[in-house]
2 protein chains.
Amino acid sequence: MDDQSDVEVLGRTELFRGAPLDLLAEVQRASFRKRFAAGEAIVRQGDPPATVYVVVVGRLRVTQTTLDGQQVIIRYLGPGEVVGYAALVDGDAHPGSVIAVDDCHLIGWSAAVVRDIMSRHSLIAINVARILGGRYLDMQVRLRELSTEKVERRIAHTILRLVEQAGRRTARGIEIAFPLSRQDLAEMSGTTLHTVSRTLSAWEERGIVDCGRRRVVVAKSQLLESIAEEQA
Amino acid sequence: MDDQSDVEVLGRTELFRGAPLDLLAEVQRASFRKRFAAGEAIVRQGDPPATVYVVVVGRLRVTQTTLDGQQVIIRYLGPGEVVGYAALVDGDAHPGSVIAVDDCHLIGWSAAVVRDIMSRHSLIAINVARILGGRYLDMQVRLRELSTEKVERRIAHTILRLVEQAGRRTARGIEIAFPLSRQDLAEMSGTTLHTVSRTLSAWEERGIVDCGRRRVVVAKSQLLESIAEEQA
DNA sequence: CGGCATCTTTGCGCTGGCGCAATAAACAAA
DNA sequence: TTTGTTTATTGCGCCAGCGCAAAGATGCCG
């Protein structure tokens, strides 16, 4: 992984998409690379945001934790996505934690550097707006699902979204390409691991999914979609 | 309301905050004023986003509706806030509808004009990023509440947020300064109007709130806060 | 290969809050 | 005032899904 290839990678991230080559080169010179092992924390909830990253390889989980230790998963981040957006919009604390699910390779900058680039290049500031607009939209949809749908539908929607985001074709069907426990699914769907487990067991019986320990493979996505859309 | 005072108003909006006077004047010249009566739709879900507004006076409700007619309230908008953000980040359809709750006075621009200003002035693009970052953050908090808290706490949090956003001191306590039905509260808290009604009745008995038809006054905010924070 | 930690499954009982339905109150129009 | 419309209240029964608990499966690491 040399500097030249980093420039190419940066040009494909949501943050620097569309930037001219000289800007990408400048951005590359100001960057550093960093690796995190599975389970390591990249960002801790409450910390002051000092660094911005983009994901090169690997998968990250963004969570928010309450005082009494309950967690929700805000989203997963994959290649090309931004980690630590709070540093881009002068938040004074990270609203959530980010943990590596896989072994990850990130490229990072100090917050000041990226903020400076944003103010000198409106294109980058516009990219940030687009990124946050997209995440805001995602949350609107999830909020609506959580408010109006029953658990089974919510779990179905959650899995379909993950398939969209990180699905990998296999012999048995489409596999979600990172380790994903029942607890994780519960924290994304607003339910408990017990209910997720029961639901997946029922689906497995019908041949809709094929799961293992921290592994989910969707065999009949058509059926899953119909569960996600059914009324009542 | 002459052009000069419009410039002052614009300088205080979240979208144009910090802009130099000449830019504000340019923005003002490209703008038009528009009024909406209570109940009128400013934006309809699914429409292509062609116009951006900022609120001068009045209150607006942003909702998202499912195919089968169920609604959730995404947020309320008040003076200084942006209406129709999708037009700023090239969404191809408005993700929700916006309805006037009061009689409203807005200032608007065609999407192309504001997008052009964003690309010529990174400050404005950065403001957009900040706005969307703030809304994204709000949604994270609400999603967490909806996932982890029981109804009574959620309703308490919802009311406290509205008080924060649109509270007005009165003799009886702090009043939410726009008409707000039980149904509205239900659509913000992820429950039914029945449960909201029962909960408010119980609180009224304890003297915590004092409500009427589409009206909520918080008499003992301390007690309401303790309900919002209590464990279990 | 065995021991340990983590993750998953499943039975059972309980309850928060939903859904229905009927009444009452507030407001607007005429 | 009457009439109609929208909004709010409240009783009652029910059930989806939570919480507990205990056993079972899987994979890791020494």
Side-chain angles (χ1 to χ4, degrees), chain A residues 37-39 61 68-73 99 101-103 145-156 158-159 176 178-206 209-217 227 230-232, chain B residues 37-39 61 68-73 99 101 145-156 158-159 176 178-206 209-217 227 230-232:
Chain A
R61 178 172 53 222
D68 54 318
Q70 292 198 87
Q71 252 191 14
V72 294
I73 296 180
I99 307 278
V101 175
D102 281 326
D103 292 344
E145 287 177 8
L146 204 51
S147 298
T148 64
E149 297 177 357
K150 292 219 184 301
V151 263
E152 191 181 19
R153 279 186 73 180
R154 297 208 304 268
I155 297 172
T158 300
I159 291 180
I176 294 173
F178 57 88
L180 180 75
S181 70
R182 305 293 179 271
Q183 177 70 40
D184 294 334
L185 277 171
E187 289 175 10
M188 297 198 77
S189 316
T191 180
T192 61
L193 81 159
H194 307 277
T195 300
V196 171
S197 178
R198 278 183 262 262
T199 306
L200 289 187
S201 294
W203 289 349
E204 200 144 23
E205 209 132 304
R206 296 170 59 190
V209 294
D210 173 9
C211 358
R213 189 190 173 87
R214 308 226 281 160
R215 208 176 49 84
V216 177
V217 182
I227 289 172
E230 75 197 358
Q231 310 290 351
Chain B
R61 179 173 51 223
D68 54 319
Q70 293 198 85
Q71 253 192 12
V72 293
I73 296 181
I99 306 279
V101 174
E145 287 177 8
L146 204 51
S147 297
T148 64
E149 296 178 358
K150 293 220 183 300
V151 262
E152 191 181 20
R153 279 186 74 179
R154 296 207 305 266
I155 297 172
T158 300
I159 291 180
I176 293 173
F178 57 88
L180 180 74
S181 69
R182 305 293 180 271
Q183 177 70 40
D184 295 334
L185 276 171
E187 288 175 10
M188 297 197 77
S189 315
T191 178
T192 61
L193 80 160
H194 308 276
T195 300
V196 171
S197 179
R198 279 182 262 261
T199 305
L200 289 187
S201 295
W203 288 350
E204 201 143 23
E205 209 132 305
R206 295 170 60 191
V209 294
D210 173 10
C211 356
R213 190 189 171 86
R214 306 226 282 162
R215 207 175 51 82
V216 176
V217 182
I227 289 172
E230 76 198 359
Q231 309 292 350

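Within every chain, numbering begins at 1; the chains are lettered A, B, ... in the order of the sequence lines, protein sequences first and strands thereafter.
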Open item on the list: Quick check: on DNA chain D, is the nucleotide nearest R213(A) upstream (toward 5') of the one nearest S197(B), or the reverse? Name the residue that is more 5'.
Closed with: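 The residue mapped nearer the 5' terminus is S197(B).
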
Are [X] and [N] close enough that a side-chain N or O sits under 4.0 Å from OP1 or OP2?
X       : N       : result
T191(B) : dC18(C) : yes
T192(A) : dC18(D) : yes
S181(B) : dT6(D)  : no

For the pair made of [atom1] in [X] and [atom2] in [N], what is the distance, rounded to whole Å?
X       : N       : atom1 : atom2 : value
W203(A) : dT9(C)  : CH2   : C1'   : 16 Å
L185(B) : dA8(D)  : CG    : C1'   : 12 Å
Q183(B) : dC18(C) : CD    : C1'   : 13 Å
L193(B) : dT7(D)  : CG    : C1'   : 9 Å
R214(B) : dC27(C) : CZ    : C1'   : 11 Å
R215(A) : dA25(D) : CZ    : C1'   : 14 Å

Open item on the list: Which heavy atom of V101(A) sits nearest to which heavy atom of A38(A), and what is that distance?
Closed with: O-CB, 3.5 Å

Open item on the list: Give me the atom names and distance for the closest heavy-atom approach of R182(A) to R215(A).
Closed with: NH1-O, 4.4 Å

Task: Under 3.5 Å: donor-acceptor pair, side chain of S197(B), backbone of L193(B) - done: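 No.
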
TODO: Choose from dG17(C), dG17(D), dT8(C) the nucleotide whose nearest atom is closest to any side-chain atom of T195(B).
DONE: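 The listed nucleotide nearest to T195(B)'s side chain is dG17(C).
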
Open item on the list: Counting distance alone, no hydrogens or angles: does the base of dT8(C) have a donor or acceptor under 3.5 Å from a partner atom on the side chain of H194(A)?
Closed with: no

Open item on the list: Under 4.0 Å, heavy atoms only, any strand: does R198(A) hit a base, just the sugar-phosphate, or nothing?
Closed with: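 R198(A): base contact, heavy atoms under 4.0 Å.
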
